[in-house]
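The figures here come from the full heavy-atom set of this structure, side chains too, leaving out hydrogens, waters and symmetry mates. Starting from 1, each residue takes its place in the sequence as its number.
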Amino acid sequence: MPFDDLLLFANAAIDEIKSDSFTQENLAKLNAVFPPTLIIAALDIIDRGNVIPYETPWGHKEYEILGSTARYSVLLDIKSAPLPYSCTCPAFIYSVLMAETHIMCKHILATLISRRLKRSPTRPASANDLAALYTRQFPLPENRAARG
């Protein structure tokens, strides 16, 4: 099935999720599009409270995902890109962008489901907060930091 069609099915399945519950029917629809291991991993991230939404005073939304080995940044609703979302994890880069074997990583799926369920309260973020977020995820190498 072409990528765009899979993305339409995925969005339809995610849009069916109501803020008050996640049903067996929701799970069945997600299973029609995503591998079960991806769904389980995404739901685990949500259950652990590891989706952290940030919003700036000017309305920019960004999500930090606390992964098992690192923190990742997720952007949703990207308008001027081939994909409407992005994640800084290696799985997104390899499985979605390079190998094209998945339409999204577990971090993006967790963020989309969490947003529908309204499980994570949005935290206000200033420009400095976003800079700190990126610095945590992309630290400068020791030698560059010392010269800077």
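- Taking 4.5 Å as the limit, some side-chain heavy atom of S86 sits within range of a side-chain heavy atom of F92.
- At a threshold of 4.5 Å between side-chain heavy atoms, the hydrophobic network of Ile, Leu, Val, Met, Phe, Trp and Tyr places L75 and I45 in two separate groups.
- The local environment of CD in E55 is crowded, with over 12 non-hydrogen atoms from other residues, nucleotides or ligands closer than 6.0 Å.
- Annotation: side chain of R119 is not in contact with side chain of V51 (no heavy-atom distance under 4.5 Å).
- Under the 4.5 Å side-chain heavy-atom criterion for grouping Ile, Leu, Val, Met, Phe, Trp and Tyr, Y85 is connected to L97 within one hydrophobic cluster.
- Between N26 and T23 there is a side-chain heavy-atom pair separated by less than 4.5 Å.
- Here the straight-line distance linking atom NZ of K29 with atom CD1 of I39 works out to 13.5 Å at 0.5 Å rounding.
- Here I103 contributes atom CD1 and L7 contributes atom CG; the two are 5.5 Å apart, rounded to the nearest 0.5 Å.
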Test log, rule side chain to side chain contact (heavy atoms under 4.5 Å, CB included), inputs K61 and L76: CA-CA 8 Å; K61 287 191 177 179; L76 301 178; over 6 Å; no
Would D77 and R115 count as a salt bridge (Lys or Arg N to Asp or Glu O under 4.0 Å) if you check the C-alpha gap in whole Å, the side-chain angles of each, and the deciding distance to 0.1 Å? CA-CA 12 Å; D77 307 319; R115 185 168 72 168; 2.7 Å; yes
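- With rounding to the nearest 0.5 angstrom, the OG1 atom of T56 is 10.0 Å from the CG atom of D129.
- Residue I113 comes nearest to I17 through the heavy atom pair CG1-CD1, 4.0 Å, listed as atom of the first residue, atom of the second, then distance.
- No chain of hydrophobic side-chain contacts below 4.5 Å, direct or via other Ile, Leu, Val, Met, Phe, Trp or Tyr residues, connects Y54 to I78.
- For the pair L83 and F3, the minimum side-chain heavy-atom distance is below 4.5 Å.
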Assess the residue pair M104 and L112 against the criterion (side chain to side chain contact (heavy atoms under 4.5 Å, CB included)); give the C-alpha distance rounded to whole Å, side-chain angles, the decisive distance to 0.1 Å, and a yes or no. CA-CA 11 Å; M104 64 183 68; L112 290 168; 3.8 Å; yes
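- Atom-to-atom distance recorded for Q24:CD and N31:CG is 9.5 Å, nearest 0.5 angstrom.
- Here the closest non-hydrogen pair linking S126 and W58 is C-CH2, 4.5 Å.
- Contact record, L117 with S21: CD2-O, 3.7 Å, taken as the closest heavy-atom pair.
- A110 approaches I46 most closely through the heavy-atom pair O-CD1, 3.4 Å.
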Would F9 and D4 count as a side chain to side chain contact (heavy atoms under 4.5 Å, CB included) if you check the C-alpha gap in whole Å, the side-chain angles of each, and the deciding distance to 0.1 Å? CA-CA 9 Å; F9 282 123; D4 290 339; over 6 Å; no
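- Proximity of K106 to C89: side-chain heavy atoms (C-beta onward) are nowhere separated by under 4.5 Å.
- Between Y63 and T122 the shortest side-chain heavy-atom distance does not fall below 4.5 Å.
- Residue Y72 comes nearest to P90 through the heavy atom pair CE2-CD, 3.9 Å, listed as atom of the first residue, atom of the second, then distance.
- Within the 4.5 Å cutoff, no side-chain heavy atoms of I65 are placed close to those of R71.
- Residues R48 and L66 form no side-chain contact, since every pair of their non-hydrogen atoms from C-beta on lies 4.5 Å or further apart.
- A donor-acceptor contact closer than 3.5 angstrom links the side chains of S120 and S114.
- Using modelled atom types, one finds a donor on one side chain and an acceptor on the other under 3.5 Å when comparing E62 with S73.
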